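Note sheet for the following structure.
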Amino acid sequence: MVDMGAFRDAVGRWAAGGPAGPAEELAGRTGVRAAVLVEGASDLAAVEALAERRGRDLAAEGVCVVPMGGAMSVGRYAGLLGPDGLGLRLWGLCDVRERPFFDRGLRRAGAPAEGVFVCVRDLEEELVRSLGAERVEEIVRDEGELRPWQTFLRQPAQHGRPREQLLRRFLGTKKGRKIRYGRLLVEALDERRVPGPLEGLLRSL
C-alpha cells in the first residue's frame with residue numbers, strides 16, 4: 001500500500017524547517033509524481049472523498065494532496081515540491097482571494113499556474129450551494145448536531161443572514177467540523193452538481 005500520508009507529513013515537517021531527507025526518500029519510495037496544494041485539511045478531505053466516489057486511488061496514481069495550513073505558504077511548498085525541488089507537477093485548489101498567492105508562489109517556483117482551480121469564496125460555500133441549504137441541514141441533523149446548529153441560529157449576530165451563509169459559518173465554529181463535513185458533503189452530492197473547481201481539479205489529475 002502506498003503510504004502517501006507519511007510523505008505528506010514529511011513534507012509538512014520539511015516546510016516547517018525540518019530536514020529534506022525524509023521527504024526526498026519517501027518521494028522515491030511512494031512514486032509520487034504530482035502534488036495538489038490546498039489550504040487546509042477540509043480541502044484534502046473533500047478532494048479525496050470525490051476521488052473515492054469516482055473509484056480512484058490518488059495515492060496509487062502518484063498524486064498527493066498537500067494541506068499547507070494557509071495559502072500564504074504556497075511559495076514555500078511550491079519551491080520544495082515543484083521544478084526546483086522534488087520536480088513534481090503541481091496543481092492547486094484555492095479561494096478567489098488566495099489566487100494572487102498561488103500565482104506568485106508558482107511563478108517563483110517555475111511552475112505553470114494553469115492547474116489552479118478557484119472557488120468563489122471557499123470550498124465549503126461551493127459545496128453548500130451545490131447541495132442546497134435544506135439538504136445540508138439534513139446532514140447536520142443526521143450527524144447529531146441539530147442542537148448546536150439551533151443554538152448557533154439563535155445568536156444575535158447571525159440574524160438576517162442567508163441560510164447558506166449561516167451553514168458555511170457554522171461549519172467553521174468547532175475544531176475538526178470542517179474536515180468531517182468536507183467529506184460528508186461531497187459524499188452527499190448529486191454527480192451532476194459537483195462544484196466546478198472540484199470537478200475541474202479531479203478531471204485534470
Side-chain angles (χ1 to χ4, degrees), residues 4 7-8 11-12 15 32-83 85-132 136 164-165 167-168 171-172 178-179 181-205:
M4 204 61 81
F7 172 70
R8 184 184 297 118
V11 168
V32 62
R33 62 174 178 82
V36 180
L37 303 179
V38 298
E39 181 180 2
S42 62
D43 304 305
L44 164 65
V47 172
E48 291 192 334
L50 184 59
E52 290 168 16
R53 276 191 59 166
R54 302 281 173 81
R56 294 179 60 179
D57 182 341
L58 294 182
E61 294 176 23
V63 178
C64 184
V65 185
V66 181
M68 302 178 294
M72 287 185 288
S73 298
V74 67
R76 173 71 171 156
Y77 277 85
L80 298 179
L81 300 177
L86 295 183
L88 308 183
R89 288 193 64 188
L90 299 180
W91 277 268
L93 180 69
C94 67
D95 309 341
V96 68
R97 65 181 179 275
E98 298 166 350
R99 182 63 193 262
F101 296 115
F102 272 74
D103 287 344
R104 285 195 300 271
L106 292 174
R107 184 171 61 249
R108 289 171 183 165
E114 290 79 7
V116 177
F117 295 85
V118 183
C119 302
V120 173
R121 198 164 186 179
D122 55 29
L123 185 54
E124 286 76 28
E125 183 191 53
E126 297 275 357
L127 291 169
V128 170
R129 185 168 59 246
S130 293
L131 283 162
V136 177
E164 290 182 356
Q165 186 180 119
L167 284 160
R168 172 183 167 271
L171 297 182
K178 283 176 68 173
I179 301 171
Y181 280 90
R183 171 168 289 276
L184 289 169
L185 298 184
V186 167
E187 290 174 345
L189 282 170
D190 185 314
E191 273 288 341
R192 296 165 297 180
R193 294 188 59 81
V194 175
L198 197 55
E199 181 70 57
L201 171 64
L202 200 65
R203 286 182 180 272
S204 74
L205 294 175

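On a predicted model such as this, the values are computed, not experimentally measured, just so you know. Index from 1, following the sequence.
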Please report the closest heavy-atom contact between [X] and [Y], naming both atoms and the distance.
X: Ala35; Y: Val66; result: CB-CG2, 4.2 Å
X: Gly110; Y: Pro83; result: O-CG, 3.4 Å
X: Cys64; Y: Val32; result: CB-CG2, 4.1 Å
X: Phe102; Y: Ala71; result: CE1-CB, 4.1 Å
X: Pro195; Y: Leu127; result: CG-CD2, 3.8 Å
X: Trp91; Y: Gly115; result: CD1-O, 3.3 Å

Distance-only, no hydrogens or angles: does the [X] side chain make a donor-acceptor pair with backbone N or O of [Y] under 3.5 Å?
X: Arg183; Y: Glu48; value: no
X: Ser130; Y: Val194; value: no
X: Arg8; Y: Val65; value: yes
X: Asp95; Y: Arg97; value: no

Is any side-chain heavy atom of [Y] closer than 4.5 Å to one of [X]?
X: Leu171; Y: Leu185; answer: yes
X: Glu126; Y: Leu198; answer: no
X: Asp43; Y: Pro67; answer: no
X: Leu189; Y: Arg53; answer: yes
X: Arg54; Y: Glu191; answer: yes
X: Leu93; Y: Pro197; answer: yes
X: Val47; Y: Leu58; answer: yes
X: Val63; Y: Arg56; answer: no

Exercise. Check whether more than 12 heavy atoms from other residues, nucleotides or ligands sit under 6.0 Å from atom CZ of Arg108, and answer yes or no.
Key: no
Quiz item: Looking at Leu90, Leu37, Val38, Val116, which one forms a side-chain contact (heavy atoms from CB on, under 4.5 Å) with Val74?
Solution: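 Of the listed options, the one satisfying the test is Leu37.
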Quiz prompt | Sidechain N-carboxylate O distance under 4.0 Å for Glu125, Arg129 | solution =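 So Glu125 pairs with Arg129 through a salt bridge.
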Quiz item: Is any NZ, NE, NH1 or NH2 atom of the basic residue among Arg121 and Glu164 found under 4.0 Å from an Asp or Glu carboxylate oxygen of the other?
Solution: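 So Arg121 does not pair with Glu164 through a salt bridge.
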Exercise. Dump the intermediate steps for side chain to side chain contact (heavy atoms under 4.5 Å, CB included) on Phe101 and Cys94, then the final yes or no.
Key: CA-CA 9 Å; Phe101 296 115; Cys94 67; over 6 Å; no
Quiz item: Partners of Glu124 by salt bridge (Lys or Arg N to Asp or Glu O under 4.0 Å), sequence neighbours excluded?
Solution: Lys178
Practice problem: Just jot down the salt bridge (Lys or Arg N to Asp or Glu O under 4.0 Å) partners of Arg99, sequence neighbours excluded, or say none. | Solution: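 Counting only residues at least two positions away or on another chain, Arg99 forms a salt bridge (Lys or Arg N to Asp or Glu O under 4.0 Å) with Asp103.
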Exercise. Show your working on side chain to side chain contact (heavy atoms under 4.5 Å, CB included) between Leu86 and Phe7 and close with a plain yes or no.
Key: CA-CA 12 Å; Leu86 295 183; Phe7 172 70; 3.9 Å; yes
